[in-house]
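Below: one structure, written as C-alpha cells.
Here is how names work: the chains are called A, B, and so on, in the same order as the sequence lines, proteins then strands, and each is numbered from 1.
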Amino acid sequence: MDFNKKLTNWYSNNKRDLPWRNTKNPYYIWLSEIILQQTQVKQGLPYYEAFVKTYPTIFDLANATEQEVLKLWQGLGYYSRARNLHTTAKHIAFNLDGEFPNNYKDLLKLKGVGDYTASAIASIAFNEVAAVVDGNVYRVLSRYFGIDTPINSTSGIKEFKKLASSLIDREQPATFNQAIMEFGARQCKPKNPDCAICPLQDGCVALQKGLVETLPVKLKKTKVTNKYFNFLVCVDQNKNIVLEKRTGKGIWQNLYQFPLVESKRSLKTNEFHLLNVEEELFKGLKFDYWLYNESDIIHKLSHQHLYTKFWIVEINELPKGSIPVKNLDLYPTPVLISDFINTFNFNNI
DNA sequence: AATTCGGGGAA
DNA sequence: TTCCCAGAATT
C-alpha cells in the first residue's frame, strides 16, 4: 500500500466528527479555516459554534458591526483574523452579491486568506486539486521523507508545497488534505508520537534513522520583550467607568481597555505619581486611588510579556469616554482586561 | 527575509 | 518551562 492509501485509510478510521466536516458550504468552510489558523481544534470549536449560531449566513456576518464580531472573537487571539473576516464578509456579500469565490486563485485575493486557507477552501468546498501545507503537513512530510530543510525558510516553504502538491490525491483532494492534517494532529504528533502503531512506519525515514524527535527543523525562536502596563480603572460613585479603544498598530487593535500608561519598570504602591496623570488625564480633578494588585499580573503573549498593574481611581467627574459599568460586556477586550472585569467587584466602589 | 500579530493545550 | 497550534500581513 502506498502513502496515500495508508493515509486515507487511517483517516477513515480515525477522523473526528467535527461540524465543518458535515458541510460543503464555502461560508462555513472559510469560517472554520480562519478560526483554526494557529489555533487548536479544541480551542476553536466553541467559537465556530458561536459564529455559526450568531451569523448563520455570510449576510448576517456582513451586516454585523466590527465591535460585535470582535466581541464574539474575544479570547481567541490574533484579532486581525476577526477584522479581516468581517471585511471579507462585507466584500463577498455586497460586492460579489453573496457569491463565494470558488477557486484557489480568486480565494487567495480575499483579505485574511493566504496560501494555506485558499488551498483548504478550494479543495474542501470545491474539490480543486490544491495541496494544503500547515504545521501538521510540515511535520508529517519532514519526518516521513526525512527532510531537514527548515520549514519556515523560503526554500523550505517552496519545497514542502511542491512535495505536497506532488502527493495530493487528484481524485479526492478534499479527503487527502484533511487526512494528512488530521494524521499530523493525532498520530504524527509534535511530541511522543506512538510510532509503534503508526500505519506509515514502514516508509518513514525519520523512524528508520531515529530523527523523529529532531524533525521538522525550524529556524530560531523570536525574542520576547517585557512591557510594564498600568491600567487606570477610573470609576465614579454612579458606577460609570472610562473605556478607550485601541487604535493604530500593535496588539489588540480596535479592542477596548482602561486608559493605559506604560512605565519603564514595575511601579510600587507609592509611585503612582510617576505615571504623570494628574495634569494630563485628570486635569486637576480631585480623585482618590489605590492599587488593586501589588504584585504584577503577568500576561504572556508570543512576543511580549506584560507586567501589569491595575490602579483603581475613584473620581467624581469622569474624563471623556465613560460608560456604565453594567455595559462593559458590550465591548470586546483583551483577556487581560476581561479577566480583571470578571474578578473585580465593582460593588465596592 | 524577518517580524509581528494571542491565547491556550500538552509534555 | 518550552514548543506548538488546520497562518497571514507587514516590515
Side-chain angles (χ1 to χ4, degrees), chain A residues 11 15-16 18 20-21 29-48 70 73-85 87-88 107-124 130-140 150-158 160-161 164 174 176-186 188-194 213-214 216-225 246 248-255 298-306 332-339:
Chain A
Y11 181 60
K15 69 176 180 181
R16 290 167 286 185
L18 300 170
W20 47 85
R21 287 186 175 154
I29 304 294
W30 165 66
L31 182 58
S32 72
E33 292 300 342
I34 301 299
I35 287 174
L36 293 173
Q37 287 170 3
Q38 291 293 287
T39 304
Q40 296 184 175
V41 168
K42 184 172 184 178
Q43 186 187 7
L45 184 54
Y47 286 84
Y48 175 83
L70 283 172
W73 197 272
Q74 177 178 300
L76 196 54
Y78 285 163
Y79 296 94
S80 65
R81 290 184 294 171
R83 297 191 300 270
N84 289 335
L85 186 80
T87 299
T88 293
L107 287 162
L108 198 54
K109 297 174 184 171
L110 302 175
K111 264 185 191 163
V113 174
D115 183 80
Y116 163 77
T117 305
S119 301
I121 301 172
S123 62
I124 297 171
V132 296
V133 185
D134 72 336
N136 295 307
V137 176
Y138 280 121
R139 187 167 54 254
V140 172
I151 60 173
N152 55 343
S153 64
T154 303
S155 60
I157 291 169
K158 287 181 61 179
F160 284 99
K161 177 73 177 182
F176 175 87
N177 276 343
Q178 295 183 84
I180 192 169
M181 288 191 285
E182 186 82 337
F183 184 78
R186 312 262 294 174
C188 198
K189 299 183 295 182
K191 292 182 179 177
N192 308 323
D194 189 356
E213 302 299 327
T214 58
V217 174
K218 202 170 186 177
L219 292 174
K220 69 181 175 228
K221 45 201 163 191
T222 57
K223 65 175 186 290
V224 176
T225 61
R246 289 184 66 94
K249 310 196 173 196
I251 60 174
W252 302 334
Q253 192 177 120
N254 293 3
L255 273 66
I298 304 174
H299 190 72
K300 294 181 177 180
L301 307 179
S302 300
H303 298 75
Q304 300 177 23
H305 286 357
L306 309 177
T333 63
V335 167
L336 178 58
I337 300 296
S338 61
D339 280 352

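With rounding to whole Å, Lys189(A) atom NZ is found 16 Å from dG9(B) atom P. If you measure from atom CZ of Arg83(A) to atom P of dT4(B), you get 16 Å, rounded to the nearest angstrom. For the pair Leu301(A) CG and dT3(B) P, the computed distance is 18 Å after rounding to whole Å. For the pair Glu213(A) CD and dT2(C) P, the interatomic distance rounds to 18 Å; values are reported in whole Å. Put simply, CG on Leu255(A) is 8 Å from P on dG6(B), counting in whole angstrom units. Atom CD1 of Ile298(A) and atom P of dG7(B) are 16 Å apart (whole Å). Rounded to an integer number of Å, the gap from CG of Leu219(A) to C1' of dT3(B) is 14 Å. Between Leu45(A) atom CG and dG9(B) atom C1' the separation is 14 Å, expressed in whole Å.
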- Query: Quick one: what's the B/S/- string for nucleotides 4-11 of chain C, heavy-atom cutoff under 4.0 Å, read 5' to 3'?
  - Reply: SBBBSS-S
- Going through the checks in order, is the side-chain contact (heavy atoms from CB on, under 4.5 Å) test met by Ser119(A) and Lys161(A)? CA-CA 11 Å; Ser119(A) 301; Lys161(A) 177 73 177 182; 3.2 Å; yes
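Residues Asn254(A) and Leu70(A) are in side-chain contact: their nearest non-hydrogen atoms beyond the backbone lie under 4.5 Å apart. Proximity of Leu85(A) to Leu31(A): side-chain heavy atoms (C-beta onward) are separated by under 4.5 Å at one or more points.
Using a 4.0 Å heavy-atom criterion, one finds that Ile35(A) contacts no nucleic acid atom at all.
The separation of dG8(B) from dA8(C), taken at their P atoms, amounts to 22 Å, rounded to a whole angstrom. Using atom P as the reference point in both dT4(B) and dA6(C), the two lie 24 Å apart (nearest Å).
Using modelled atom types, one finds a donor on one side chain and an acceptor on the other under 3.5 Å when comparing Arg81(A) with Thr39(A).
Using bins of under 30°, 30° to 60° and over 60° for the plane-to-plane angle, the ring pair Trp73(A)/Tyr47(A) lands in the tilted bin.
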